[in-house]
Amino acid sequence: MASEDANQDATTVSVTVERRLDAPPEVVWDSIGDISVTRAMLPGCEKLDFGVDRDYVEAGDEGTATIAIGIGPISPSFETDVEVLRRDYPEMAITASGSAAGSTFDTTADLSLAATDGGEQTDVTWDATAAVTGRVETFSGALKPVVAEVAQRFFEQLDDHVTGRTEQSD
């Protein structure tokens, strides 16, 4: 993670995404914890590896990711360190830090699930805060909508995935 001194000079961006998924919370929870599902659903994810001999993440797992995101006129590919801080149903917290194209970021993100519609659907809330420095920081006005769009696309694809799983089990 970047030092606190570096974060004092950083631009901070906070994003909250709320979405209703058409599947029970347990199905959503299993899918979000599944490393291959997250890798496939996360826009721009070129690599996600936790180096574990299981298909899902647990609290304390540390991994690496390569994520390419277009921000303004640049499309950096961030080499990222990820740590699962907490994973207790129905809440999860992660940190991620990375660098690319003369830029760095440090992110914390919290995810929570809540059953709705008699347990047949799930309300997802994702809160993330990132401290960004360097070249990407110069496009900070574009950063928040880009991060929000990436999160929305992730949850749209996740919704398609979990809806398909739910329909197959019927």
Side-chain angles (χ1 to χ4, degrees), residues 12-71 75-98 105-130 132 142-170:
T12 300
V13 177
S14 295
V15 176
T16 297
V17 174
E18 296 175 323
R19 182 157 179 110
R20 180 164 289 169
L21 303 184
D22 197 24
E26 297 79 14
V27 172
V28 174
W29 182 254
D30 288 346
S31 295
I32 287 174
D34 186 314
I35 297 166
S36 63
V37 170
T38 297
R39 182 185 312 114
M41 301 297 137
L42 184 60
C45 185
E46 299 168 355
K47 177 186 99 171
L48 179 62
D49 182 21
F50 281 90
V52 294
D53 290 339
R54 54 186 141 71
D55 297 332
Y56 56 90
V57 294
E58 295 178 352
D61 285 352
E62 295 181 9
T64 59
T66 304
I67 301 171
I69 298 176
I71 304 165
S75 295
S77 187
F78 287 94
E79 296 299 324
T80 307
D81 294 319
V82 181
E83 182 179 358
V84 180
L85 299 176
R86 183 180 75 251
R87 189 165 193 273
D88 296 314
Y89 179 81
E91 297 178 347
M92 182 174 178
I94 65 163
T95 62
S97 63
F105 76 93
D106 285 303
T107 301
T108 59
D110 293 293
L111 174 97
S112 64
L113 308 179
T116 188
D117 190 30
E120 295 301 313
Q121 294 183 321
T122 305
D123 285 341
V124 177
T125 302
W126 181 76
D127 289 304
T129 301
V132 182
L143 192 55
K144 185 172 182 170
V146 167
V147 171
E149 175 64 22
V150 167
Q152 286 287 2
R153 286 182 30 219
F154 172 81
F155 289 115
E156 286 171 9
Q157 291 183 67
L158 183 64
D159 192 26
D160 290 344
H161 173 79
V162 295
T163 300
R165 282 187 55 192
T166 303
E167 289 170 354
Q168 288 175 359
S169 66
D170 288 343

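- Residue pairs meeting the side-chain hydrogen bond (donor to acceptor under 3.5 Å, both in side chains) criterion with at least one member in residues 145-156: none, sequence neighbours excluded.
- Across all their heavy atoms, F105 and A96 have their closest contact at CE1-O, 3.7 Å.
- The two residues L21 and F155 come nearest to each other via the heavy atoms CD2-O, 3.6 Å.
- Within the 4.5 Å cutoff, the side chain of D123 has no heavy atoms near those of the E18 side chain.
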For a salt bridge (Lys or Arg N to Asp or Glu O under 4.0 Å) check, start with the C-alpha distance between D110 and R86, then their side-chain angles and the critical distance, and finish with the verdict. CA-CA 9 Å; D110 293 293; R86 183 180 75 251; 3.6 Å; yes
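- In this structure, the side chains of F50 and V84 come closer than 4.5 Å at one or more pairs of heavy atoms.
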Could you walk me through whether T108 and T95 satisfy the side chain to side chain donor-acceptor pair (under 3.5 Å) test, starting with their C-alpha distance in whole Å, then the side-chain angles of each, then the deciding distance to 0.1 Å, before giving a yes or no? CA-CA 4 Å; T108 59; T95 62; over 6 Å; no
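- A148 approaches V17 most closely through the heavy-atom pair O-CG2, 4.3 Å.
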Donor-acceptor pairs under 3.5 Å, side chain of residues 56-65 to any protein atom, not counting sequence neighbours: which ones?
unit_1: D61; atom_1: OD1; unit_2: R54; atom_2: NH2; d: 3.1
unit_1: D61; atom_1: OD2; unit_2: R54; atom_2: NH1; d: 2.7
unit_1: D61; atom_1: OD2; unit_2: E58; atom_2: N; d: 2.8
unit_1: T64; atom_1: OG1; unit_2: K47; atom_2: NZ; d: 3.2

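- Residue pairs that meet the ring pair (Phe, Tyr, Trp, His ring centres under 6.0 Å) test with at least one member in residues 26-45, sequence neighbours left out, are W29-Y89.
- Between the side chain of T116 and the backbone N or O of Q121, no donor-acceptor pair lies under 3.5 Å.
- G98 and F78 get closest at one heavy-atom pair: C-CD2, 4.3 Å.
- Nearest heavy atoms, T129 versus S14: OG1-OG, 3.3 Å.
- Between L48 and L42 there is no side-chain heavy-atom pair separated by less than 4.5 Å.
- The nearest pair of heavy atoms linking T122 to P25 is OG1-N, 2.9 Å.
- Ion pair D159/R20 not flagged as a salt bridge, since none of the NZ, NE, NH1 or NH2 atoms sits closer than 4.0 Å to an Asp/Glu carboxylate oxygen.
- Separation of atoms CG (D30) and CG (D55) is listed at 11.5 Å; rounding is to 0.5 Å.
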